[in-house]
Protein chains: 2
Amino acid sequence: MLSKKTKYGIKALAYIARKKDRKPVQASEISESENISQKFLESIMLELRKSGFLGSKKGKGGGYYLIKEPGEIRMTAVIRVLEGPIAMVPCVSLNYYEKCDDCPDEKTCSVHKLMIQVRDASLDVLGENTLEDIAFTQ
Amino acid sequence: MLSKKTKYGIKALAYIARKKDRKPVQASEISESENISQKFLESIMLELRKSGFLGSKKGKGGGYYLIKEPGEIRMTAVIRVLEGPIAMVPCVSLNYYEKCDDCPDEKTCSVHKLMIQVRDASLDVLGENTLEDIAFTQ
DNA sequence: TATAATCCTATCGGTTTACTAGGTTTTAAG
DNA sequence: CTTAAAACCTAGTAAACCGATAGGATTATA
């Protein structure tokens with residue numbers, strides 16, 4: 001299950017991407033428009049800034065803005081930062097690999113190969129969709 | 001992330017499927033062979049029985065056995081029972097649908113369409129794999 | 001009758017989630 | 001220079017969930 005954090009983060013990025021001008025967008029505006037708790041959203045925006053998706057400007061008239069073009073932001077990257085691994089099991093994760101305690105050998109594990117297939121299917125979808133693709137969906 | 005419950009459940013089903021005869025398999029045997037806490041596994045086996053995947057026989061020489069052929073058990077069904085929804089967001093779940101609090105309209109939600117794609121990709125994989133497919137993977 | 005198995009209920013410590021509170025700092029506008 | 005508006009930061013917290021564990025009750029076999 002996708003956490004609310006990730007969901008809100010994606011919505012916020014999409015909201016910013018939808019604006020034509022590149023003027024900073026305030027968290028308060030996004031929180032109102034997208035029905036997200038403002039304080040919670042603030043912490044998410046901060047994380048998106050620290051991980052290089054957003055820039056920010058402080059003070060009056062400040063806000064957040066995209067650093068890259070929406071078309072260059074793959075959803076895999078966004079989800080990995082906000083949610084963590086895309087794989088359903090750590091032992092098939094490309095970016096967050098962890099060995100299972102119980103499995104003596106991954107090659108003979110019945111769950112392993114199945115989850116690799118699921119992972120690859122998800123990666124295909126999330127890797128082909130960019131922020132631009134999802135921002136202008138309607 | 002797949003819960004351990006689901007992971008253990010799949011492993012247990014695969015273990016039983018691998019046996020040629022249809023004699024009941026004890027939870028204790030599975031728990032030893034697959035390195036799963038016995039008490040925890042017991043509760044999982046019970047759930048698998050109540051949901052119609054397994055039959056059971058009590059008392060000495062008892063255990064659990066498959067009710068259907070492994071080739072007839074789709075992994076979608078197993079995961080839905082043990083884990084719940086396959087979708088990453090309730091609002092795109094086929095079997096566990098729930099409306100989002102924040103979304104006024106799913107059709108204009110940027111997350112929605114993306115998650116439908118992910119869901120469908122996962123469903124493809126999990127629907128095409130049966131217990132037989134994953135039990136005899138090596 | 002002893003033993004081995006499932007079945008059942010309850011509990012529990014730890015972690016995560018989704019916030020909330022309460023500020024500090026920076027900047028622009030008046 | 002003052003005020004307001006914005007990001008930034010730290011901490012805490014209630015609730016839910018997870019992965020077990022405990023302790024037995026029930027049932028069947030030998």
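In what follows, every chain begins at residue 1, and chains take the letters A, B, ... in the order their sequences are listed.
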Walking along DNA chain C from 5' to 3', note the first and the last nucleotide with an atom under 4.0 Å from a heavy atom of chain B, and give both.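 Under 4.0 Å from chain B, the extent on DNA chain C is C:dA4 to C:dC8.
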Nearest heavy-atom neighbours spanning B:Tyr96 and B:Gly84: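 So the minimum-distance heavy-atom pair works out to CE1-C, 3.5 Å.
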What is the minimum heavy-atom distance between A:Gln26 and A:Gly62, and which atoms define it? NE2-O, 2.8 Å
In residues 98-105 of chain B, what residues come within less than 4.0 Å of DNA chain C, judged by heavy atoms?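 Of all residues in residues 98-105 of chain B, none places a heavy atom under 4.0 Å from DNA chain C.
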Qualifying residue, where the test is side chain to side chain contact (heavy atoms under 4.5 Å, CB included) with A:Leu54 and the options are A:Leu66, A:Ile67, A:Val25: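 Considering A:Leu66, A:Ile67, A:Val25, a side chain to side chain contact (heavy atoms under 4.5 Å, CB included) with A:Leu54 is found only for A:Leu66.
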Is the closest basic N to carboxylate O distance between [X] and [Y] below 4.0 Å?
X: B:Lys19; Y: B:Glu29; answer: yes
X: B:Arg22; Y: B:Glu69; answer: yes
X: A:Lys5; Y: A:Glu47; answer: yes

Using whole Å, what does the distance between atom [atom2] of nucleotide [N] and atom [atom1] of [X] come to?
X: B:Lys58; N: D:dA28; atom1: NZ; atom2: P; answer: 6 Å
X: A:Ile44; N: D:dC8; atom1: CD1; atom2: P; answer: 14 Å
X: A:Lys23; N: D:dA6; atom1: NZ; atom2: C1'; answer: 16 Å

Any chance you could lay out the side chain to side chain contact (heavy atoms under 4.5 Å, CB included) test for B:Met75 and B:Ile134, step after step, and finish with the verdict? CA-CA 9 Å; B:Met75 297 315 293; B:Ile134 71 144; 3.9 Å; yes
Considering just the side-chain nitrogens and oxygens of A:Tyr64, establish if one lies under 4.0 Å of OP1 or OP2 belonging to D:dC8.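 Checking D:dC8 against A:Tyr64, a side-chain N or O does come within under 4.0 Å of OP1 or OP2.
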Counting only side-chain nitrogens and oxygens, does A:Arg49 get under 4.0 Å of the OP1 or OP2 atom of D:dA7?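 No.
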Any chance you could lay out the salt bridge (Lys or Arg N to Asp or Glu O under 4.0 Å) test for B:Asp102 and A:Lys4, step after step, and finish with the verdict? CA-CA 10 Å; B:Asp102 49 315; A:Lys4 301 235 161 153; 5.8 Å; no
If you look at every strand shown and take non-hydrogen atoms under 4.0 Å, does A:Lys50 touch a base, only sugar-phosphate, or nothing? sugar-phosphate
List the steps and the verdict of side chain to side chain contact (heavy atoms under 4.5 Å, CB included) for A:Cys100 and A:His112. CA-CA 10 Å; A:Cys100 299; A:His112 193 77; over 6 Å; no
Pair B:Asn129, A:Gln117 - check side chain to side chain contact (heavy atoms under 4.5 Å, CB included), show working. CA-CA 10 Å; B:Asn129 275 279; A:Gln117 293 178 58; 3.1 Å; yes
Nucleic acid footprint by protein, nucleotides 12-24 of chain D - heavy-atom cut-off 4.0 Å, B for base, S for sugar-phosphate alone: -------SBB-BB
With rounding to the nearest 0.5 Å, note down the distance linking CE in A:Met88 to OG in B:Ser122.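 Atom-to-atom, A:Met88:CE and B:Ser122:OG are 7.0 Å apart.
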